[in-house]
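Below: one structure, written as structure tokens.
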Amino acid sequence: MTKVLITGSNDGLGFLAAKRCVEEGAQVFLHARNQEKLDRAVAQIPGIKGGFVADLSDIRQVQKLADQLNNGGPFDAIIHNAGVYQSTSEELFRVNVLAPYLLTTNVTTPKRLIYVSSQMHKGGSFPKSINQLTYSDSKLWLTMLMTSFSMQFPECYVNAVDPGWVSTKMGGKGAPDDLDQGAETQVWLATSNEPETLVSGKYFYHKKEQAPHSDVHNTSKQEELIELLSEWN
Ligand SMILES: NC(=O)c1ccc[n+]([C@@H]2O[C@H](COP(=O)([O-])OP(=O)(O)OC[C@H]3O[C@@H](n4cnc5c(N)ncnc54)[C@H](OP(=O)(O)O)[C@@H]3O)[C@@H](O)[C@H]2O)c1
């Protein structure tokens, strides 16, 4: 049975992806920023196997979570879904970039790694001062991490997903894209054995490969990003 961990799965796309993964027959573990949110989410999804608590903006909590995941793993798939949008540059960096980096480099590599990016990554830039980081920058950096990890872990299928603009706490009420479709690709990449999922270094939207920002495939920029992030390891 496929064992899946989804970060930020007490709400929004992560919660929906968790429900779908359970329906696909996976053993699903949730993650939330505190115990109360975790318990509430676990109670709403029959069949959830367990969960983990960590505030991803707190590096010590992220490191503790990495240890707990190593004790509770290994996982077949990890969906790095947690994210913030309207936030300070520091929090955007910590939650959207640094936490997925630390939880990838310090956790036993699963068979599949999925990073929830955004179409908005196309407006991002690298390099840039961390204290001026925007949401678009953070998602570009995350998508660059994905391609870098796809080369670092050739035995793992490593991909990124643009879920579309969907109605969640982050997406807001008027979001035009379909919410169910917003979670579908992550679940498919985590649980399906269709040949289209057994690929690496790709950026998907609604199960179709898309061309990301050109820096996503720029290996010297990837190296620069990894060097910058390794200071926190
Ligand atoms: N919605 C869209 O239109 C859209 C478009 C493109 C990309 N995305 C991406 O899709 C992913 C999921 O977003 P969503 O729309 O489902 O947003 P959401 O409803 O706001 O959910 C975000 C999840 O991340 C968690 N999270 C945020 N900061 C955290 C922290 N410091 N520690 C622990 N957990 C934290 C949230 O926990 P709390 O509930 O405790 O805040 C929540 O579970 C994000 O990476 C987002 O950037 C969304």
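Both ligands and their constituent atoms are indexed starting at 1 by order of listing. Quick caveat, the model's predicted, so the values are computed rather than measured.
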Discussion item. Suppose I only count heavy atoms of K139 and a 4.0 Å limit; which atoms of ligand 1 are within that range?
Written reply: 44 (C), 45 (O), 46 (C), 47 (O)

Practice prompt. Considering the heavy atoms of W165, write down every atom of ligand 1 situated less than 4.0 Å from one of them.
Written response: 3 (O)

Judged on heavy-atom distance to [atom], which of [options] sits nearest?
atom                    : options               : result
atom 34 (N) of ligand 1 : Q61, H31, E91         : H31
atom 6 (C) of ligand 1  : G14, G182, G172, P163 : P163
atom 11 (C) of ligand 1 : L13, D55, N81         : N81
atom 39 (O) of ligand 1 : K169, M120, M170      : K169
atom 2 (C) of ligand 1  : I6, V166, D177        : V166

Side chains of [X] and [Y], donor plus acceptor under 3.5 Å:
X    : Y    : value
Q35  : D39  : yes
E194 : W188 : yes
N106 : N233 : yes

For [atom], grab the closest protein heavy atom and report residue, atom and distance to one decimal in Å.
atom                    : answer
atom 36 (C) of ligand 1 : N10 OD1, 4.2 Å
atom 30 (C) of ligand 1 : L56 N, 3.6 Å
atom 4 (C) of ligand 1  : G164 O, 3.6 Å
atom 10 (O) of ligand 1 : V116 CG1, 3.3 Å
atom 21 (O) of ligand 1 : D11 O, 4.3 Å
atom 41 (O) of ligand 1 : R33 NH2, 2.9 Å
atom 22 (C) of ligand 1 : G83 O, 3.7 Å
atom 14 (P) of ligand 1 : T168 OG1, 3.5 Å

[X] near ligand 1 by a heavy-atom separation under 4.0 Å:
X    : answer
Y135 : yes
S117 : yes
A54  : yes

Discussion item. Tell me whether the count of non-hydrogen atoms from other residues, nucleotides or ligands lying under 6.0 Å of NZ in K64 goes above 12.
Written reply: no

Worksheet item: Side chains of I79 and V116: does their closest heavy-atom pair fall under 4.5 Å?
Response: yes

Below 3.5 Å, N or O to N or O, backbone or side chain included: is there any such pair between [X] and ligand 1?
X    : value
G8   : yes
D162 : no
S118 : no

Worksheet item: Rounded to the nearest 0.5 Å, how far apart are CG of L92 and CD1 of I130?
Response: 11.5 Å

Discussion item. Within 45 degrees of the ring normal and closer than 6.0 Å to the centroid, is that where the cationic atom of K221 sits relative to F126?
Written reply: no

Item to complete: Report the relative orientation of the aromatic rings in H80 and Y115; use parallel for angles under 30°, tilted for 30 to 60°, perpendicular for over 60°.
Response: parallel

Discussion item. Using modelled atom types and a 3.5 Å cut-off, is there a donor and acceptor pairing between side-chain atoms of T108 and backbone atoms of P74?
Written reply: no

